[in-house]
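Worksheet for the structure shown next.
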Number of protein chains: 2
Amino acid sequence: MVRAGLTTERLVRAGAELADEVGFDQVTVSALARRFDVKVASLYSHLKNSQDLKTGIALLALEELADRAADALAGRAGKDALSAFADVYRDYAREHPGRYEAARFRLDPTAAAASAGGRHAQMTRAILRGYDLTEPDETHAVRLLGSVFHGYVSLETAGGFSHSAPDSQESWNRILDALDALLRNWPTP
Amino acid sequence: MVRAGLTTERLVRAGAELADEVGFDQVTVSALARRFDVKVASLYSHLKNSQDLKTGIALLALEELADRAADALAGRAGKDALSAFADVYRDYAREHPGRYEAARFRLDPTAAAASAGGRHAQMTRAILRGYDLTEPDETHAVRLLGSVFHGYVSLETAGGFSHSAPDSQESWNRILDALDALLRNWPTP
DNA sequence: GTGTTTTCCTAAAGTCTTTAGGCAAGTGCG
DNA sequence: CGCACTTGCCTAAAGACTTTAGGAAAACAC
């Protein structure tokens, strides 16, 4: 019989597509096998288990997101960099909801260390270099930005801001304005 | 044989406890049946299905959270109200991680309408009455606060801020200071 | 006390995960 | 080229969860 040409790489990539189509939590080894028209057990030569597949998708998503962010940041600073960076997250979540969910998947410490998580933190710090913050305020600000971006995107994706005025896009713009103002004027107690 | 005295109410309540112990996504009709020492099929007289159970837990969590927030807000205004409100979310998530996850569960529109979601939005608006914001800025600010609180709590719960200085509690305090300053000084383009 | 309703049960089918062991398709070496 | 070897996909099977159908006994109503 003709072989399907499975590899871990291809499986993870297809898993990511599947996630975008049906949701990350609906990604299943069985569904993936169906997609390749192959028996379920065959996938276990390439994947340790179901968790392994999900971890793979999460790592892929974090990588892609970091790549896009790095691109967006090139040649920008200040508010410009802040907006571009934030938009990368929001756009990615809208284009690839399943992958975005995956990026929020709780990784075990080993996987987390090997992930692009560090790049994300570094880039956030790079943006803050356009503002006059010193430690520990810079770290507080990193955490604030992470919270706002993740929080907004996840509420928006969950449908929180649809069906009500004003438009979500407008809130997003004004929130970025507000964050810029805040960072330029970070309060000292 | 002696009856177990199951009711939807008791099942949902036990489901919430289970969620706090093993995580919301590990809450299963089977596990719940074991907890009541009863056969699985018996639960289906009280629950439409597994989704129904999860929705019930989500509604319970939203209710509890709204009750706590209402208590915390009583007699407070301004920064004081802001901090108290924010702490309710954070503390609840730390005390009841499973329930908090449940509160983030995507409800179908019918359940969402019947949920305490509206109370949460109303209370956020009440806090903002202590600041000088007019529409549509008030709505933008509601969305910002929701994003920060949800985002911070969910990153913190996922372990994002542990094992690194400064202490998460300190970031939380400084972020609340920053939000207070921002709301007192909301930028107009 | 009889009749009705409610509560829990047994049984069964469908899905997903994961492991064990097998045959055949590709690969490498003489 | 032909052979052994490795790898890739298969069949088989067991265990867990979900959900439905239909039955028996407990609780209740009069």
For this session: Please check if atom CG in D108(B) has more than 12 non-hydrogen atoms from other residues, nucleotides or ligands closer than 6.0 Å.
Result: yes
Exercise. Is the number of heavy atoms from other residues, nucleotides or ligands within 6.0 Å of CG (D67(B)) greater than 12?
Worked result: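 Atom CG in D67(B) is packed in, count exceeds 12.
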For this session: Is it possible for you to say whether V148(B) and Y100(B) belong to one hydrophobic cluster, with membership spreading through side-chain heavy-atom contacts below 4.5 Å?
Result: yes
For this session: Could you state whether L60(A) and L47(A) fall into the same hydrophobic cluster, counting links through intermediate Ile, Leu, Val, Met, Phe, Trp or Tyr residues with side-chain heavy atoms under 4.5 angstrom apart?
Result: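 In one cluster with L60(A): L47(A), yes.
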Interface polar pairs with nucleotides 3-5 of chain C, N/O, under 3.5 angstrom:
none

Atom-pair distance ([atom1] on [X]; [atom2] on [N]), nearest Å:
X	N	atom1	atom2	result
Q51(A)	dC16(C)	CD	P	19 Å
N49(B)	dT19(D)	CG	P	5 Å
E9(A)	dG8(D)	CD	P	15 Å
L6(B)	dA26(D)	CG	P	16 Å
L11(A)	dG8(D)	CG	P	12 Å
L47(B)	dT20(D)	CG	P	12 Å

Are any side-chain N or O atoms of [X] and backbone N or O atoms of [Y], one a donor and one an acceptor, separated by less than 3.5 Å?
X	Y	value
R10(A)	G5(A)	yes
D177(A)	T188(B)	no
T124(B)	H120(B)	yes

Exercise. Is the phosphate of dC9(D), meaning OP1 or OP2, less than 4.0 Å from a side-chain N or O of H46(A)?
Worked result: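 Yes, because at least one side-chain N or O of H46(A) sits under 4.0 Å from OP1 or OP2 of dC9(D).
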Exercise. Near DNA chain C, under 4.0 Å by heavy atom, which residues of residues 18-44 of chain A?
Worked result: T28(A), V29(A), S30(A), R34(A), V40(A), A41(A), Y44(A)
Between the side chains of [Y] and [X], is the shortest nitrogen-to-carboxylate-oxygen separation below 4.0 Å, so that they form an ion pair?
X	Y	answer
D71(A)	R68(A)	no
R143(A)	E156(B)	no
R119(A)	E63(A)	yes

Exercise. In terms of side-chain heavy atoms, does Y152(B) have a donor or acceptor partner in S171(B) at a distance below 3.5 Å?
Worked result: no
Problem set entry | Angle between terminal axes - the helix from dG1(C)-dC30(D) to dG30(C)-dC1(D), 5 pairs each end, rounded to 10° | 10°
